[in-house]
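Throughout, protein chains are lettered first and strands after them, A, B, ... in sequence-line order, and every chain is numbered starting at 1. No hydrogens, no waters, no symmetry mates; every other heavy atom, side chains included, goes into these values.
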Number of protein chains: 2
Amino acid sequence: MTASTRLQTTATQEVHLLGRFTPQRAIVLEALIEAEEEDGFVSAQSLHARLLSADLPVGLSTVYRTLSALAEAGRADVVRDMHGERLFRYRPGSDHRHYLICTECGVSLPLDAVAVEKWAAGIARTSGFTAVRHTVELTGICPDCGPSAGGSPQG
Amino acid sequence: MTASTRLQTTATQEVHLLGRFTPQRAIVLEALIEAEEEDGFVSAQSLHARLLSADLPVGLSTVYRTLSALAEAGRADVVRDMHGERLFRYRPGSDHRHYLICTECGVSLPLDAVAVEKWAAGIARTSGFTAVRHTVELTGICPDCGPSAGGSPQG
DNA sequence: CAAGAGTTGGTAATGATTGTCATAATCTAT
DNA sequence: ATAGATTATGACAATCATTACCAACTCTTG
């Protein structure tokens with residue numbers, strides 16, 4: 001069984017969570033899973049462009065719909081980049097995670113965020129607020145993109 | 001000295017941090033300070049609309065420029081709401097803060113975020129990433145907007 | 001095959017934000 | 001105070017991600 005076949009199998013299984021199975025949804029989900037392994041978070045636009053380049057002409061509307069449905073179903077994490085664009089990441093498990101994301105290449109590193117979860121839970125208890133949710137994102141430059149990795153060092 | 005006069009005085013002083021003094025910048029900054037006391041975070045669009053309603057016709061471009069300059073100068077915090085719109089909040093001090101924001105009315109509560117700062121600093125040290133920055137936002141429903149405050153309780 | 005529900009994808013609309021540039025205001029040096 | 005240089009303003013157009021719309025298409029079911 002090749003890596004590609006494994007991806008397709010996973011995608012095929014997951015697509016049924018969204019409703020009717022369609023080739024387009026499988027393509028989008030498969031591409032999202034690939035992107036997760038390679039680049040971390042991806043935007044709907046870039047994922048669409050990637051599909052077009054790969055001769056998989058899925059409509060932009062369908063890409064947006066599928067990614068939104070995945071996020072709604074809890075199968076994808078969503079963050080916003082510095083321009084406000086939404087970035088998606090496939091989430092194999094069902095727990096909510098936090099990531100350290102490279103601003104240069106988009107690669108993401110899942111974090112152990114127990115300390116933050118505890119802090120947020122404490123705030124929720126003591127503030128008088130209800131339905132408290134938290135957004136925690138770390139961004140930085142990963143070792144591969146850093147100054148000593150053939151980039152463009154300053155100074 | 002009235003409250004209005006105090007606001008104007010503060011705004012006048014702060015405007016000089018952005019470069020040349022102009023009445024428009026003073027108006028925008030004053031409105032931002034007022035908004036901070038009343039509503040917490042505000043968007044550029046709503047701030048602009050508010051100025052028009054108050055017969056202070058400052059151009060939308062100028063509102064955007066001034067708010068961006070304030071954020072750049074560290075005199076305003078910026079977050080994104082659920083639609084990706086940028087929300088600004090005047091920051092009297094110079095330290096970076098985190099807030100618990102009510103999704104209903106926009107009121108914000110500054111948080112003691114030492115635990116998060118420490119956690120983020122630790123990640124920065126151990127991850128190999130450089131230029132690590134963090135975004136931490138808590139959202140919820142404040143006591144005034146909660147189910148027992150005349151809102152629309154569910155269930 | 002026919003009907004019906006759900007899906008697709010091209011296109012248009014939306015809405016925040018940014019770019020442009022002629023005009024106007026502000027600062028500086030005299 | 002005034003001229004000159006620099007900077008800011010604001011109306012408008014452009015950009016861009018995202019959403020809405022809708023006619024054509026695809027399954028499933030009888």
Side-chain angles (χ1 to χ4, degrees), chain A residues 11-12 14-32 35 41-73 76 78-89 106, chain B residues 11-32 35 41-73 75-76 78-89 106:
Chain A
T12 302
E14 298 263 347
V15 161
H16 293 286
L17 296 174
L18 303 183
R20 196 177 274 179
F21 170 89
T22 69
Q24 289 90 344
R25 285 178 180 172
I27 289 170
V28 171
L29 183 48
E30 185 180 340
L32 184 65
F41 284 89
V42 288
S43 69
Q45 296 283 347
S46 66
L47 201 63
H48 180 239
R50 186 179 305 202
L51 293 179
L52 293 189
S53 299
D55 268 312
L56 297 168
V58 178
L60 180 59
S61 303
T62 299
V63 173
Y64 271 104
R65 273 192 295 249
T66 304
L67 291 177
S68 296
L70 284 169
E72 191 80 16
V78 186
V79 299
R80 289 202 186 261
D81 70 5
M82 86 187 98
H83 298 327
E85 192 175 4
R86 296 210 302 174
L87 304 180
F88 297 82
R89 186 191 206 272
Chain B
T12 301
Q13 293 168 347
E14 298 264 344
V15 162
H16 293 287
L17 296 175
L18 303 183
R20 212 168 260 185
F21 172 90
T22 70
Q24 291 88 344
R25 284 178 180 172
I27 290 170
V28 171
L29 182 48
E30 185 181 340
L32 185 66
F41 283 88
V42 289
S43 69
Q45 295 284 347
S46 66
L47 200 63
H48 180 240
R50 185 179 307 202
L51 293 179
L52 293 189
S53 299
D55 269 313
L56 296 168
V58 178
L60 181 58
S61 303
T62 299
V63 173
Y64 271 105
R65 272 191 295 248
T66 304
L67 291 177
S68 296
L70 283 169
E72 192 79 17
R75 309 306 306 173
V78 186
V79 300
R80 292 210 183 251
D81 70 5
M82 87 186 97
H83 299 326
E85 192 175 5
R86 297 210 301 174
L87 304 180
F88 297 83
R89 185 193 208 272

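C:dT18 atom P lies 11 Å from atom CG of B:L67, rounded to whole Å. In this structure, B:F41 atom CZ and C:dA16 atom C1' are separated by 18 Å, rounded to whole Å. For the pair A:Q45 CD and D:dT19 P, the computed distance is 11 Å after rounding to whole Å. The CG atom of B:L47 sits 12 Å away from the P atom of C:dT17 (whole-angstrom rounding). Spacing between atom CZ of A:R80 and atom C1' of C:dT17 amounts to 14 Å, rounded to whole angstrom units. Taking atom CD of B:E72 as the reference point, atom P of C:dT18 lies 11 Å away to the nearest angstrom. Atom pair B:L18:CG and D:dT6:C1' shows a separation of 17 Å (rounding to whole Å applied). In this structure, A:Y64 places its OH atom 17 Å from C1' of D:dC21, rounding to the nearest Å.
Under the 4.5 Å side-chain criterion, counting only non-hydrogen atoms from C-beta, B:F88 is in contact with B:L32. Here the side chains of B:L56 and B:Q24 are not in contact, with every heavy-atom distance at 4.5 Å or above. Side-chain contact between B:V42 and B:R50: present, with at least one pair of heavy atoms (C-beta onward) separated by less than 4.5 Å. Side-chain contact between B:L52 and B:P57 is present, with heavy atoms from C-beta onward closer than 4.5 Å.
An OP1 or OP2 oxygen of C:dT8 is reached within less than 4.0 angstrom by a side-chain nitrogen or oxygen of A:R25.
A:A49 is linked by a side-chain contact (heavy atoms from CB on, under 4.5 Å) to nothing, counting only residues two or more places apart in sequence or in another chain.
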Check the interface with nucleotides 22-30 of chain C: list each N/O to N/O pair with the protein under 3.5 Å, or write none.
unit_1, atom_1, unit_2, atom_2, d
C:dT26, O2, B:R20, NH1, 3.0
C:dC27, OP1, B:F21, N, 3.4

Just the atom pairs and distances: protein N or O near nucleotides 19-21 of chain C's N or O, under 3.5 Å.
unit_1, atom_1, unit_2, atom_2, d
C:dG19, O6, B:S61, OG, 3.3

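For A:V58, the listed nucleotide lying nearest its side chain is C:dG9; candidates were D:dT9, D:dT18, C:dG9. The side chain of A:T62 has C:dT8 as its nearest neighbour among C:dT8, D:dT9, C:dT18.
Looking at B:R89, its side chain never comes within 3.5 Å of a backbone N or O of B:A35 through a donor-acceptor pair. For B:H16 (side chain) and B:F21 (main-chain N/O), no donor-acceptor pair under 3.5 Å exists by modelled atom type. Not a single donor-acceptor pair under 3.5 Å links the side chain of B:R86 to the backbone N or O of A:G84.
Sequence order on DNA chain C of the closest nucleotides to B:R86 and A:H48 puts A:H48 first from the 5' end.
There is a side-chain donor-acceptor pair under 3.5 Å between A:E85 and A:S43.
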